[in-house]
2 protein chains.
Amino acid sequence: MKTESKRGRPRKFDEDVTLDRIMLVFWQHGYAATSLDQIAEATGLNRPSLYAAFGSKKDMYLKVISRFADQMQAYLHEAGQSTSGLKPKLKAIMAAAIDLYCGKSSFCNAAYGCLAISTLTTEVADDPDFKTMMEHIVQRMDQGFTDLIRAETTGTVPEASVRFAAQHLSLILHGLSVRARAGESRAALQELAEVAVDRLAPEPASDSVV
Amino acid sequence: MKTESKRGRPRKFDEDVTLDRIMLVFWQHGYAATSLDQIAEATGLNRPSLYAAFGSKKDMYLKVISRFADQMQAYLHEAGQSTSGLKPKLKAIMAAAIDLYCGKSSFCNAAYGCLAISTLTTEVADDPDFKTMMEHIVQRMDQGFTDLIRAETTGTVPEASVRFAAQHLSLILHGLSVRARAGESRAALQELAEVAVDRLAPEPASDSVV
DNA sequence: CTATTTTTGTGCGATATGGTACAAAAATGG
DNA sequence: CCATTTTTGTACCATATCGCACAAAAATAG
């Protein structure tokens, strides 16, 4: 590992750019079906350099998953900032997620769904480290929705209901990812998501009923 | 391939039993991470016999996925028969699916989710045959819910709404599978599913509003 | 200019993989 | 009892895989 080196031959690659390229390879093929040669070709690096910089294939994958979770969280958070009110925010977040799942984002231009749901899910039954990572990912999604709902309802909804609704919304997101990778159109998914938010988001006790 | 042979050395294995064992191997490891040696060990057959009986690894996998879809459909249909009324039927189906996803069925005793969602989803981006199969699977789930809802509402709900609700329920099922494989408890999933059905199943125009 | 440090890249090696050739085995037909 | 048919199982092949050894390359420190 290096942190801030001055001496020695300089690197020919940018770490972030390379990680993004590695991400795309795993995103398309999944973990097991991806070979280090494919990664080497996609990044322009050779295997020893990859290994020196990012560790084993498994290390790379876990790094990339964590990175994706961070980027996704920021991306969805930003989408939520574009409007106000719980349901509008949730709908904006869902719409952004669907765009990403369908290849309409700067992350990925193919309809590969969510990196974690599409590729990590398969691996969790074999490797405890992957299982742990998957649990973290799901928990993070739940937590993200929980925080948003709590903030937007400010005490008018019991905490248990907040968490419950958050899990429902995560559930929807997982389903949307699966269907996106299965080839469903963006428009169809957007319709489904919009109505799902209307039905599953908590109502803050008294509000204008549409 | 054989259909009804009389001459020749008799087989030492039962085709259905063997296919079920192959299914379990793919279910746990996924397609790419499963080796023919693992299948050979799990079935007690050797690779040439496997190849002669079921074709290539890909052939086996597709056979197993189709078989699973058939078995799953029958299993869920039967679960729906245990009660009457749309929502009770849907809840019974969801409960049965969750049992299966969490390893509480005769199909599988581990929490591996849905075979197709957990393992096929990963592969669809690389192989058009897998993509086609995935589309079929999703369509079949939608169709199953569509038929049930239409039968139980008998014209009181417009066809478009029937199909839309069916897609919502499929979406929930996909999400439940993901969360089951991620380790979520059966009880938690059952709660989520029950409320989701209440919120997403269509109301037949005029009915007792809870 | 020399020593040191870090990255690069060729090439290797041990293993695993999917698929198949081929002979032995085990049944039936005549 | 012999020919035929089908399955079995050992052995094999070509290829792919991951990881690493090792020397050359490219920078800095003094």
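This structure is a prediction, so every number in the text was calculated from the model and none was measured. Convention: sequence-line order gives letters A, B, ...; per-chain numbering from 1. The figures here come from the full heavy-atom set of this structure, side chains too, leaving out hydrogens, waters and symmetry mates.
- Distance CD1/B/Ile117 to OG1/B/Thr122: 11.5 Å, rounded to 0.5 Å.
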Show me the side-chain donor-acceptor pairs of residues 97-109 of chain A shorter than 3.5 Å, one per line, residues at least two apart or across chains.
from     : atom 1 : to       : atom 2 : distance (Å)
A/Asp99  : OD1    : A/Arg186 : NH1    : 2.8
A/Asp99  : OD1    : A/Gln190 : NE2    : 3.4
A/Ser105 : OG     : A/Phe107 : N      : 3.1

Task: Contact pattern, 5' to 3', of nucleotides 11-17 of chain D - B, S or - by protein heavy atom under 4.0 Å - done: -B----S
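- One atom, CD of A/Glu41, and another, C1' of C/dG9, lie 16 Å apart when rounded to the nearest Å.
- Of the side-chain N and O atoms in B/Ser49, one or more sit less than 4.0 angstrom from OP1 or OP2 of D/dT8.
- Residue pairs meeting the salt bridge (Lys or Arg N to Asp or Glu O under 4.0 Å) criterion with at least one partner in residues 21-30 of chain B, sequence neighbours excluded, do not occur; the list is empty.
- Looking at residues two or more places apart in sequence or on another chain, you find no salt bridge (charged side-chain N to carboxylate O under 4.0 Å, His left out) involving A/Lys131.
- Listed by chain and residue number, A/Arg140 satisfy the side chain to side chain donor-acceptor pair (under 3.5 Å) test with A/Gln73 (two or more places apart in sequence, or in another chain).
- Contacts of A/Arg181 classified as side chain to side chain donor-acceptor pair (under 3.5 Å), with partners at least two apart in sequence or in another chain: none.
- Contact between the side-chain N/O atoms of B/Lys12 and the OP1/OP2 oxygens of C/dA26 is not found at any separation under 4.0 Å.
- Between A/Leu45 atom CG and C/dT7 atom C1' the separation is 11 Å, expressed in whole Å.
- Here C/dG19 presents its C1' atom at 13 Å from CD1 of B/Ile39, a figure rounded to the nearest Å.
- Atom pair B/Asp127:CG and C/dG18:C1' shows a separation of 15 Å (rounding to whole Å applied).
- If you measure from atom CZ of B/Arg9 to atom C1' of C/dA26, you get 5 Å, rounded to the nearest angstrom.
- Between A/Tyr51 and D/dC20 there is a side-chain polar atom (N or O) within less than 4.0 angstrom of OP1 or OP2.
- Distance OH (A/Tyr61) to C1' (D/dG19): 21 Å, rounded to an integer number of Å.
- Legend: residues meeting ring-ring contact (aromatic ring centres under 6.0 Å, His included) with A/His174, ordered by chain and number and at least two apart, are absent.
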So which protein nitrogen or oxygen atoms get under 3.5 Å of nucleotides 28-30 of chain D's nitrogens or oxygens?
from   : atom 1 : to     : atom 2 : distance (Å)
D/dA29 : O4'    : A/Arg7 : NH1    : 2.5

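- Put simply, B/Lys58 has no side-chain N or O that comes within less than 4.0 Å of OP1 or OP2 on C/dG18.
- The nucleotide whose nearest atom lies closest to any side-chain atom of A/Asn46 is, among D/dT8, D/dA26, C/dT10, C/dT10.
- Here the P atom of nucleotide C/dT6 and the CZ atom of A/Arg11 are 11 Å apart, to the nearest Å.
- Applying the side chain to side chain donor-acceptor pair (under 3.5 Å) criterion to A/Thr121, with sequence neighbours excluded, gives no partner residue.
- Using a cutoff of 4.0 Å between basic side-chain nitrogens and carboxylate oxygens, A/Arg199 and B/Asp198 are not scored as salt-bridged.
- Rounded to an integer number of Å, the gap from CZ of B/Phe54 to C1' of D/dT8 is 14 Å.
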